[in-house]
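Report on one structure; see the data block that follows.
Atoms considered below: every heavy atom in the structure, side chains included; atoms not considered: hydrogens, waters and symmetry mates. Just so it is clear, the model here is predicted, and its values are computed rather than measured.
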Amino acid sequence: MLGMLCCTSMVMAQNKSDFANFGLYADDNKAIGLPAPGENRIVFFGNSIVEFWMNMRPEFFRQNGFISRGIAGQTSHHFLSRFREDVIKLKPKTVVIGCGTNDVAENLGSYVEELTMDNIISMVELAKYNGIEVIITSVLPSNHFFWRPEVTDGSQKIEALNARLQAYCAQNGITYVDYYTPMVDRQDNNGLNKAYSDDGVHPNAAGYEVMERIIVPVLKK
C-alpha cells in the first residue's frame with residue numbers, strides 16, 4: 001500500500017480540474033445503465049478502502065454483482081458532491097456508505113466532526129428521497145496516517161465519529177455495520193490490527209475477508 005500514490009496527492013491533483021473526480025466512473029456509469037427488472041443493485045460508495053477492495057478482491061464484487069464507487073483520498077465533501085452521479089443515477093436498491101477516514105486525516109483541511117456528519121446525513125436524505133436503502137459502515141480503526149503524520153489524535157476522533165454514526169443510525173432506522181470492533185487492536189492505541197493491514201490504514205486481503213464476512217449477511221437480509 002505504501003507504494004501507491006499518497007491519498008493527499010491524489011486529492012490535490014483532482015482539485016485542479018475536477019473536485020470530486022466525476023470523470024473516473026463516468027464512462028462505466030453510462031455503460032452500466034439502469035438496473036434490469038428485478039435486479040437488486042448494490043453500490044459500495046467510499047474512499048480508497050472501497051477502491052482498493054475492488055482492486056485487491058475483484059471476485060467479491062463480480063460474483064455478487066456489487067458496484068464499487070470508491071475514490072482514493074476523498075472526504076465526505078467529495079462524496080456529497082458526486083453522490084448523484086455515482087449513486088443516485090445508477091438507481092441501486094441499496095448503497096453502502098463508508099466514510100470518514102480522510103476527513104479525520106484532514107485531507108481537505110481541518111477536521112470538524114459536525115461537518116462530516118452533516119455531509120453523511122445529507123447523503124442519507126438524498127438516498128431516501130430517491131428510494132434507496134442506506135447502510136452506513138463504521139470508520140476502520142487507525143492510529144496514524146502515513147501521508148499525514150502530523151495528525152496524532154486520529155484514533156480518538158475515529159472512535160467518536162463511529163459512536164456518532166451508530167447513534168444516528170439507531171435513531172433513524174438505518175442499518176449500521178461495525179467493522180471497527182473486530183478489526184481494532186486495543187493494545188496498539190486503537191490502531192488497525194496488523195494482521196489485517198500492511199500500512200495501518202488500508203485492509204490487506206485478510207482484512208477485506210473480515211469485512212466481507214460481516215457485510216454479506218447484512219446484505220442478504
Side-chain angles (χ1 to χ4, degrees), residues 7 11 14 19-22 24-25 42-51 53 66-142 145 148 151 153-181 183-184 192 201-203 211 214-215 218-219:
C7 296
V11 170
Q14 293 165 16
F19 171 77
N21 202 356
F22 294 110
L24 182 61
Y25 294 113
I42 298 173
V43 174
F44 281 69
F45 190 65
N47 49 39
S48 56
I49 292 167
V50 170
E51 184 177 5
W53 194 350
F66 300 150
I67 296 172
S68 169
R69 287 296 176 265
I71 299 182
Q74 290 201 340
T75 67
S76 63
H77 306 287
H78 300 95
F79 285 15
L80 183 56
S81 293
R82 67 182 177 93
F83 195 77
R84 184 169 299 277
E85 292 298 317
D86 286 345
V87 178
I88 293 173
K89 288 186 177 180
L90 295 178
K91 296 189 178 297
K93 179 180 179 181
T94 306
V95 61
V96 181
I97 301 174
C99 180
T101 298
N102 292 321
D103 293 57
V104 174
E106 301 184 357
N107 277 16
L108 203 65
S110 299
Y111 171 65
V112 179
E113 184 182 280
E114 193 70 25
L115 293 180
T116 297
M117 282 299 305
D118 285 348
N119 288 336
I120 293 170
I121 291 169
S122 292
M123 286 187 278
V124 171
E125 292 172 347
L126 283 168
K128 286 187 171 183
Y129 181 82
N130 285 277
I132 302 168
E133 180 183 356
V134 179
I135 294 173
I136 292 178
T137 66
S138 65
V139 183
L140 294 186
S142 181
F145 307 105
R148 297 282 288 174
V151 178
D153 57 352
S155 61
Q156 298 96 309
K157 289 176 177 176
I158 287 172
E159 280 214 302
L161 179 57
N162 281 339
R164 186 93 173 262
L165 288 170
Q166 188 169 14
Y168 169 75
C169 289
Q171 292 164 7
N172 291 276
I174 299 166
T175 300
Y176 175 79
V177 173
D178 180 16
Y179 296 141
Y180 182 93
T181 301
M183 299 181 75
V184 69
L192 182 52
V201 177
H202 303 95
M211 294 165 66
I214 295 169
I215 193 66
V218 175
L219 294 173

| query | Residues two or more places apart in sequence or in another chain: which of them pass ring pair (Phe, Tyr, Trp, His ring centres under 6.0 Å) with F66? | reply | F44, F60
| request: Check whether any side-chain heavy atom of I49 lies under 4.5 Å from a side-chain heavy atom of P203, and answer yes or no. | output: yes
| request: Calculate, to the nearest 0.5 Å, the distance between atoms CG and CZ belonging to N47 and R69 respectively. | output: 15.0 Å
| Are any non-hydrogen side-chain atoms of I136 and V124 less than 4.5 angstrom apart? | yes
| task | Please list, chain by chain and in numerical order, all residues satisfying ring pair (Phe, Tyr, Trp, His ring centres under 6.0 Å) with Y179, sequence neighbours excluded. | result | none
Residues 162-171 side chain polar contacts: donor-acceptor under 3.5 Å, at least two apart:
| from | atom 1 | to | atom 2 | distance (Å) |
| --- | --- | --- | --- | --- |
| N162 | OD1 | V139 | N | 2.7 |
| N162 | ND2 | V139 | O | 3.1 |
| R164 | NH1 | E113 | OE2 | 2.7 |
| R164 | NH2 | E114 | OE1 | 2.6 |
| R164 | NH2 | E114 | OE2 | 3.2 |

| Spacing of CD1 belonging to I88 relative to OH belonging to Y129, to within rounding of 0.5 Å | 10.5 Å
| With side chains defined as the heavy atoms from C-beta onward, is the minimum distance between F83 and I97 less than 4.5 Å? | yes
| message | Under the criterion side-chain hydrogen bond (donor to acceptor under 3.5 Å, both in side chains), I'd like the reasoning laid out for S81 against H78: C-alpha separation, chi angles, the key distance, then a yes or no. | response | CA-CA 5 Å; S81 293; H78 300 95; over 6 Å; no
| query | Side chains of N119 and H77: closer than 4.5 Å at any heavy-atom pair? | reply | yes
| Does a side-chain heavy-atom distance below 4.5 Å link V50 with F45? | no
| said: Filter on salt bridge (charged side-chain N to carboxylate O under 4.0 Å, His left out), then keep only pairs touching residues 76-85, sequence neighbours left out; what's left? | reply: R82-D86, E85-K89
| query | Under the side-chain hydrogen bond (donor to acceptor under 3.5 Å, both in side chains) test, which residues partner T181, sequence neighbours left out? | reply | D178
| remark: Here the gap from N107 atom CG to S76 atom OG, rounded to the nearest 0.5 Å, amounts to 11.0 Å
| request: Report the distance from atom CD1 of I71 to atom CZ of F79, rounding to the nearest 0.5 Å. | output: 8.5 Å
| note | Here the gap from L140 atom CG to I158 atom CD1, rounded to the nearest 0.5 Å, amounts to 8.0 Å
| Y176: partners by ring pair (Phe, Tyr, Trp, His ring centres under 6.0 Å), with sequence neighbours left out | none
| note | Nearest heavy-atom approach of S122 to L80 is CB-CD1, 3.8 Å
| request: Show your reasoning for whether side chain to side chain contact (heavy atoms under 4.5 Å, CB included) applies to Q74 and E51. | output: CA-CA 11 Å; Q74 290 201 340; E51 184 177 5; over 6 Å; no
